[in-house]
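Note sheet for the following structure.
Atoms within each ligand, like the ligands themselves, are counted from 1 in listed order. Because the structure is predicted, anything quoted here is derived from the model rather than measured.
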Amino acid sequence: MTSKQLTGYDRLHNARLNKGTAFTEAERSAFGLEGLLPPAMLSLELQVARRHDEIVRLENDLLKYLVLSDLQARNETLFYAVLRSDPATYMPIVYTPTVGEACQKFGHIFRQPRGIYLPISARGRVKELLSNWPEKDVRFIVVTDGERILGLGDLGAGGMGIPIGKLALCTACAGVPPQYCLPVVIDVGTNNQALLDDPLYLGLRQSRVRGGEYMAFVDEFVTAVQQLYPKSCIQWEDFANINAVPILERYRNEICTFNDDIQGTAGVALAGILASLRITKQKITDQRFLFLGAGSAGTGIAELISKAMAETGMDIHEARRRNALFDVNGLLVTSRKDIADFQRPFAQDRQPIAKFVEAVKALKPTGIIGVSGIPKLFTREVVETMAELNQRPIIFPYSNPTSRSECSAEEAYRWSGGRAIFASGSPFPPVEIGGRKFVPNQGNNVYIFPAMAMALFATEAERVTDEMFLTAAQAIAEQVSEDNLAAELIYPPRERIFATSLHVAERVAACIFDQGLARVPRPADIGALIRSCVYRPVYPE
Ligand SMILES: NC(=O)C1=CN([C@@H]2O[C@H](COP(=O)(O)OP(=O)(O)OC[C@H]3O[C@@H](n4cnc5c(N)ncnc54)[C@H](OP(=O)(O)O)[C@@H]3O)[C@@H](O)[C@H]2O)C=CC1
Ligand SMILES: CC(=O)C(=O)O
Ligand SMILES: [Mg+2]
């Protein structure tokens with residue numbers, strides 16, 4: 001049915017076409033809407049103000065999430081106009097930390113479905129299920145299997161909140177048109193017994209499928225996507241590292257794809273470090289990092305930092321030695337027998353160390369990065385040791401959501417005597433210590449993946465490379481002004497995330513053209529190309 005054949009009632013219930021009380025008198029008459037709406041007509045600006053007013057009065061963030069989620073299902077333009085009007089306020093609602101709670105309670109708060117669910121019980125029919133998606137030109141897919149949702153563990157099909165939230169931010173923060181975006185859950189079961197016992201759990205009620213059967217299902221998904229949406233990019237999100245790493249290796253040279261936890265997180269961490277070095281006036285090759293957590297995010301960040309060090313002429317092996325990893329069994333050293341291949345390049349040639357604080361004392365890092373998903377492991381002793389070793393210690397507790405942060409902003413500033421350069425994965429409010437105000441940084445891959453999505457969309461890129469993430473990191477860091485640095489801000493303010501993302505997208509798009517990976521001709525003005533692709537939340541006439 002074309003939009004002209006729709007009844008007024010259908011139009012009111014089509015989120016992409018609905019304007020609600022903003023339908024004009026002429027539209028109401030032409031579309032058969034008369035009598036279906038109260039007579040007053042509101043502008044989009046007034047509708048946005050009304051939503052702000054409604055949301056600000058709600059007593060908790062999950063309710064705010066639900067109001068926004070209902071709005072997305074009812075009136076897409078207004079939803080994005082609301083998000084764009086105040087990203088700093090709404091990002092923590094549609095994204096971390098609130099989206100974590102929404103995933104945990106997915107079955108209990110479920111309303112309208114969004115995205116595609118691919119249960120492994122439908123093996124052999126993935127293409128058929130994907131074909132039920134109404135849009136035929138999909139360009140950007142965020143997919144999870146729900147096994148490592150933020151730092152909250154296995155949430156099974158409830159993980160769908162993450163692809164939905166990430167894609168909402170691709171549109172809100174970088175203007176990727178929503179009609180090209182598709183959230184997907186690959187449901188191979190869950191090992192979360194509480195979910196399996198919950199009558200309201202909505203996913204497959206079985207334990208996780210592993211091994212060859214799992215990978216064959218992922219293969220079937222990738223093949224179906226290539227057949228149905230040949231210009232699309234697949235962003236892998238929140239897989240456990242036992243699957244995340246092999247999946248990325250399997251497809252990165254075959255299709256347009258990236259893993260956000262490995263590569264996107266690496267980009268944002270490197271950006272924060274590059275800006276921090278403008279505060280400390282040090283070189284990247286003088287740095288030593290110690291990671292708490294040696295999984296997808298830890299090894300991804302360690303590798304990109306190593307590449308950034310190697311770009312300045314340092315031997316890549318020496319660079320990797322400067323990025324040490326620490327996991328549940330202690331420091332990763334060459335003598336350990338439990339190290340996976342993807343961790344081995346960072347293993348240190350020294351005696352094992354079991355306690356994190358002892359590793360800090362022994363390795364004397366200039367920065368510590370928390371990607372363990374376990375809260376409070378950056379203890380007072382750890383932060384104080386970092387502050388003894390460094391005039392300006394870099395302290396990045398990156399684990400999400402807030403409840404999983406390795407330390408709070410207040411702890412980092414207080415225990416370091418106000419000297420920490422701090423960034424956390426989820427936002428912390430400003431802190432006042434001894435009359436001095438600190439505005440904590442948020443180091444989250446939201447600075448990367450929306451911009452990456454826009455660059456890939458605008459250029460119809462064939463592949464995603466590490467050079468693109470190095471470029472993105474530099475493009476973020478260069479947007480941190482001297483005034484920002486004076487205020488200890490190492491990322492561009494979240495209020496400006498849209499402008500920031502367009503700049504990053506332009507730089508990444510240039511990299512894509514330079515690498516010969518674009519499927520559209522190189523324009524004279526790449527910024528104009530990006531701007532021409534941007535979705536703007538305004539009602540069509
Ligand atoms: N800020 C951001 O933008 C991002 C933040 N993250 C966050 O990073 C965290 C980790 O994600 P990811 O790397 O994908 O997860 P992984 O599961 O791949 O890695 C977690 C790592 O932490 C280790 N670990 C677990 N418990 C401890 C402990 N008590 N002491 C030391 N190490 C421990 C694990 O060791 P072992 O395997 O031996 O158990 C593993 O190496 C999550 O909370 C996620 O939200 C992720 C992506 C982006
Ligand atoms: C931010 C993100 O991707 C994560 O915590 O997994
Ligand atoms: Mg993630």
In ligand 1, the atoms that come under 4.0 Å of a heavy atom of Asn241 are 16 (P), 17 (O), 18 (O), 19 (O)

Ligand-residue contact atoms, ligand 1 with Leu377, heavy atoms, under 4.0 Å: 28 (C), 29 (N), 30 (N)

Record the part of Asn444 in heavy-atom contact with ligand 2 below 4.0 Å; permitted values are side chain, backbone, both and neither. side chain

Can we say Arg322 and Glu318 salt-bridge, meaning some charged N sits less than 4.0 Å from an Asp/Glu carboxylate O? yes

Identify all side-chain donor-acceptor contacts of residues 350-361 below 3.5 Å with residues at least two apart in sequence or on another chain.
from	atom 1	to	atom 2	distance (Å)
Lys361	NZ	Glu381	OE2	3.4

Do the side-chain N and O atoms of Ser426 and Asn400 include a donor-acceptor pair separated by under 3.5 angstrom? yes

Identify the protein heavy atom lying closest to atom 5 (O) of ligand 2, giving its residue, its atom name and the separation to 0.1 Å. Asn400 ND2, 2.8 Å

Please write down residue, atom name and distance for the protein heavy atom closest to atom 14 (O) of ligand 1. Arg148 NH2, 2.7 Å

Of the backbone atoms (N, CA, C, O) and the side-chain heavy atoms from C-beta on, which set of Asp327 has a member under 4.0 Å from an atom of ligand 1: side chain, backbone, both, or neither? both

Check whether the side chains of Ser207 and Asn191 place a donor and an acceptor atom closer than 3.5 Å, and report yes or no. no

Partner of Phe422 under side chain to side chain contact (heavy atoms under 4.5 Å, CB included), picked from Ser416, Pro397, Pro393, is Pro397

Among Asn445, Ile374, Leu150, which one puts a heavy atom closest to atom 27 (C) of ligand 1? Ile374

If you measure every N or O of Phe239 against every N or O of ligand 1, does any of those distances drop under 3.5 Å? no

Show which atoms of ligand 1 fall inside a sub-4.0 Å distance from at least one heavy-atom site of Ala294. 21 (C), 40 (C), 41 (O)

Just checking, is any N or O donor in the side chain of Asp219 or Tyr251 under 3.5 Å from an acceptor N or O on the other one? yes

Proximity of Phe217 and Phe221 rings by center, below 6.0 Å: no

In terms of side-chain heavy atoms, does Asp238 have a donor or acceptor partner in Thr144 at a distance below 3.5 Å? no

Check each atom of ligand 1 against the heavy atoms of Gly373 and keep those under 4.0 Å away; list them by number with element. 9 (C), 43 (O)

Residues in ring pair (Phe, Tyr, Trp, His ring centres under 6.0 Å) with Phe79, at least two apart? none

Side chain to side chain donor-acceptor pair (under 3.5 Å), that's the test. Do Ser296 and Asn241 meet it? Break it down for me. CA-CA 5 Å; Ser296 304; Asn241 62 54; 4.9 Å; no

I want to check something: taking the side chain as every heavy atom from C-beta on, are Glu406 and Phe396 in contact at a cut-off of under 4.5 Å? no

Verify the contact flag for atom 37 (O) of ligand 1, where contact means a protein heavy atom under 4.0 Å away. no

Answer side chain, backbone, both or neither: which part of Ile162 comes under 4.0 Å from ligand 2, heavy atoms only. neither

Taking non-hydrogen atoms only, is Val446 closer than 4.0 angstrom to ligand 2 via side chain, backbone, both or neither? neither

Taking 4.0 Å as the limit for heavy-atom contacts, which would you say applies to Lys166 with ligand 2: side chain only, backbone only, both, or neither? side chain

Side-chain donor-acceptor pair present, Asn444, Tyr95, cut-off under 3.5 Å: yes

Hey, are Arg250 and Glu254 close enough for a salt bridge, meaning a charged N less than 4.0 Å from a carboxylate O? no

The Mg ion (ligand 3) neighbourhood, protein N/O/S only, threshold under 2.8 Å: Glu237 OE2, Asp238 OD1, Asp261 OD1

Where on Thr265 is there a heavy atom closer than 4.0 Å to ligand 1, on the side chain, on the backbone, on both, or on neither? side chain

Table please: side-chain donor-acceptor pairs of residues 450-458 below 3.5 Å, with sequence neighbours left out.
none

Within a distance under 4.0 Å of any heavy atom of Gly425, pick out the atoms of ligand 1 and give their elements. 1 (N)

If you measure from each heavy atom of Tyr95 to ligand 2, is any distance below 4.0 Å? yes

In Å, rounded to the nearest 0.5 Å, how long is the span from CG of Leu155 to CD of Gln104? 6.0 Å

Closest by any non-hydrogen atom to atom 1 (N) of ligand 1: pick that one out of Gly443, Gly267, Ala297. Gly443

Select one of side chain, backbone, both or neither to describe which atoms of Asp238 lie under 4.0 Å from any atom of ligand 1, heavy atoms only. neither

Considering only heavy atoms, does Val446 approach ligand 1 within less than 4.0 Å through its side chain, its backbone, both, or neither? neither

Can the positive tip of Arg208 be found less than 6.0 Å from the middle of the six-membered ring of Tyr214, inside 45° of the ring normal? no

Under 4.0 Å, counting heavy atoms only: does Thr96 come that close to any atom of ligand 2? no

